[in-house]
Structures are given as structure tokens and as C-alpha cells.
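Here's the structure, in C-alpha cells; my notes come after.
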Amino acid sequence: MTGAAQWTRGGMSIGSVLDLLRPDFPDITISKIRFLESEGLISPERTPSGYRRFHVADVERLRFVLTAQRDQYLPLKVIKEQLEAIDSGAATLGVREARARANAVGGIVPDTRGIPEASDALSANGGGRLRRLNAVPGEVSPEELRFDHEIRITRADLLDQAGIDEKFLTELIRANLITPGAAGYFDGDAVTLARTAKALSEFGLEARHLRAFKLAADREAAMVAQIAAPIAKSRDADARARAEETVRELAALSLTLHTCLVKTSVRASLGG
């Protein structure tokens, strides 16, 4: 019996939840679920022996978090605030949809504790209309900062995909803007970086001018690593997963901040 069909009054195991969510979220792992629990985003029941038991409310809450990360590009802090709004009754995860999904995979009426009823989830402005929680997308998604170690691009492919010549690539490498791996391959980000550098060159910015961007990025990366290092060094079994999540979230926030600051400075320089 698959996890999708194991709704019982006693709840589901973390493995069954993983099986249930994986079709929609292929990258979900047990470590990820445990990390979200450690951050206070989900609170599954614990058996006397310490095992986690997930009810339909927990799974729908987890589904909301994963969807907000993937589709709305929200950092965990914002998602947590939205979940608090749900808990207070100002918004709802969609109880009807949750029950319909659960009933469709086993015929058992699930335990819906923790999911507000429609009568408890009316909008705070006094209206009688049920309000679904809306997420506002950010500038940069933490998911965009995942490292894909499977992508290996040859020098020739990089030149072709980025639309640059050998001379320009050599300049980027000498400026330390692009660095090939030990085997001489490049990653996917190298293509994007090369294309961007090429576009900037059309405005008269050469590779040597872009060193300022590299130095600024190195400083931001060092700050992020300094914050995440203590997490990675903890003895917690999920330490590495939590550290990587923290790095992605902090990096995304720093990029968003950087974008806003550049916009503000440019606006000021143009007299806006």
C-alpha cells in the first residue's frame, strides 16, 4: 500500500508523507521535512516512543510551505508569518480541498484538527467571504540558488550556448569571473554569467570592469557563510540540510536587497 492510501486515524509516518508528496515535489526529502519541523513550520504529533505521526492538517500545511517556496519564491520567515495568519483564522489552507484529496485516496475521513473551518476563517474585514491566502513573490527564489552538480558543460558548449568567442571567455576567466572545474568543465551558471557579461560589454563594460561585482559578491558570500557555518558544524543529523537551506535563503534575501539598493541609487542619480 502506498503512502497516498495510508490515511488512518493514527496518522501517517514520515516515510508515507514523503511518498504522498513526492509526485508534486520530487526534491522533497526526510531531511527537508525534519528541517521544516525544526523551524517551527510544521508540528507533527509524536508517539510515546518518539515517532512522528502526520495528520491531514500537517500534510496540507507542509504542502503549502513547499508550494510557497517553489511557486511564490518566499523565504521561510514570510511563509511562517502566513501560516500564523492561517492559525489565527485570518486565512485558510482550503479545508474542502484538503478533505477531498484525503477522501480520494482511501475513503477514510481524515483527522482535520488544526485546519480552520469555513466559519472560523472569515476575512478580518468583517465580510462573510472565505479568503484564501495569497503569497507575494519576491525578487529572488532560494530554490534558484540550488547547486546542480550534475551539469557539466564543455568549453566548446559554453562558447556556443553563451554566444561568445574564445577571447571573451579567456578574459572572463582571467578576471576570475568564471572558473572551470578541475576537469575543465563549467556549470550552468557559467553560461548565464557569460551571457550577462556579453550583454554588459555592449554598454562598454569590459571583463576587468566587472571585477567590482565579483568583489562585492565575495563579500556577501562570506557574510552568508559566516552565519551558516555554526549550523553546519552542529552535531544534529540534519545540520547540513539546515545549513544549505539557510545559505540559500540568506543569499536570496541579500540579492533582493542588492537589487532594491541598486534601483534606489539609480533613481537618485537620475534625479528621481
Side-chain angles (χ1 to χ4, degrees), residues 10-18 20-22 24-25 27-95 98 110-117 120-121 124 131-138 140-143 145-146 224 226-254 256:
M12 301 174 65
S13 68
I14 191 170
S16 296
V17 171
L18 194 68
L20 183 63
L21 294 175
R22 186 163 279 159
D24 294 326
F25 306 97
D27 295 332
I28 186 68
T29 63
I30 288 179
S31 293
K32 172 74 169 182
I33 295 174
R34 289 173 177 166
F35 168 73
L36 293 175
E37 180 185 1
S38 71
E39 293 296 307
L41 292 157
I42 57 174
S43 300
E45 179 186 0
R46 292 279 187 154
T47 66
S49 56
Y51 292 103
R52 297 173 178 83
R53 302 303 296 178
F54 293 79
H55 298 273
V56 64
D58 301 311
V59 176
E60 290 307 306
R61 193 178 182 90
L62 183 55
R63 189 186 295 276
F64 174 83
V65 172
L66 296 172
T67 300
Q69 283 188 307
R70 183 193 64 191
D71 299 344
Q72 304 295 335
Y73 313 134
L74 294 179
L76 293 182
K77 181 180 179 181
V78 175
I79 296 174
K80 191 172 184 179
E81 290 174 353
Q82 296 198 345
L83 287 172
E84 289 172 354
I86 293 170
D87 294 338
S88 69
T92 176
L93 283 172
V95 65
D111 180 351
T112 58
R113 58 183 174 176
I115 301 182
E117 295 290 345
D120 297 326
R131 180 168 66 86
R132 292 298 298 275
L133 189 65
N134 292 320
V136 180
V140 180
S141 165
E143 297 304 311
L145 301 176
R146 290 185 179 276
V224 170
Q226 184 177 7
I227 296 173
I231 301 175
K233 292 178 181 179
S234 70
R235 297 183 178 181
D236 189 340
D238 300 325
R240 182 172 180 81
R242 290 192 294 111
E244 290 181 354
E245 183 76 19
T246 300
V247 166
R248 287 194 298 272
E249 189 167 358
L250 285 172
L253 289 172
S254 69
T256 299

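Counting begins at 1 with the first residue of the sequence. Just so it is clear, the model here is predicted, and its values are computed rather than measured.
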Are [X] and [Y] ion-paired here, with the side-chain N under 4.0 Å from a carboxylate O?
X	Y	result
R34	E37	no
R61	D87	yes
K32	D27	no

For L36 and L66: C-alpha separation, side-chain torsions, deciding distance, then whether side chain to side chain contact (heavy atoms under 4.5 Å, CB included) applies. CA-CA 10 Å; L36 293 175; L66 296 172; 4.2 Å; yes

Residue pair [X] / [Y], side-chain heavy-atom distance below 4.5 Å:
X	Y	value
R53	S13	yes
F25	T67	yes
I79	Q69	yes
Y51	I14	no

Sub-3.5 Å donor-acceptor pair from the side chain of S16 to the main-chain atoms of M12, do we have one? no

Taking the side chain from E45 and the backbone from R52, do they hold a donor-acceptor pair closer than 3.5 Å? no

What pairs of residues pass the salt bridge (Lys or Arg N to Asp or Glu O under 4.0 Å) test when at least one of them lies in residues 73-82, not counting sequence neighbours? none

Contacts of K233 meeting side chain to side chain contact (heavy atoms under 4.5 Å, CB included) (sequence neighbours excluded), chain-then-number -> none

The side chain to side chain contact (heavy atoms under 4.5 Å, CB included) partners of S43 (sequence neighbours excluded) come to none

As an exercise, state the distance from [atom1] of [X] to [atom2] of [Y], rounded to the nearest 0.5 Å.
X	Y	atom1	atom2	answer
I33	L41	CD1	CG	12.5 Å
S31	L18	OG	CG	10.0 Å
F54	L21	CZ	CG	9.5 Å
D58	R63	CG	CZ	13.0 Å

Residue pair T246 / A228: nearest heavy atoms and the distance that separates them: CG2-CB, 4.5 Å

Stepwise side chain to side chain contact (heavy atoms under 4.5 Å, CB included) test for F35 and L76: CA-CA 11 Å; F35 168 73; L76 293 182; 3.5 Å; yes

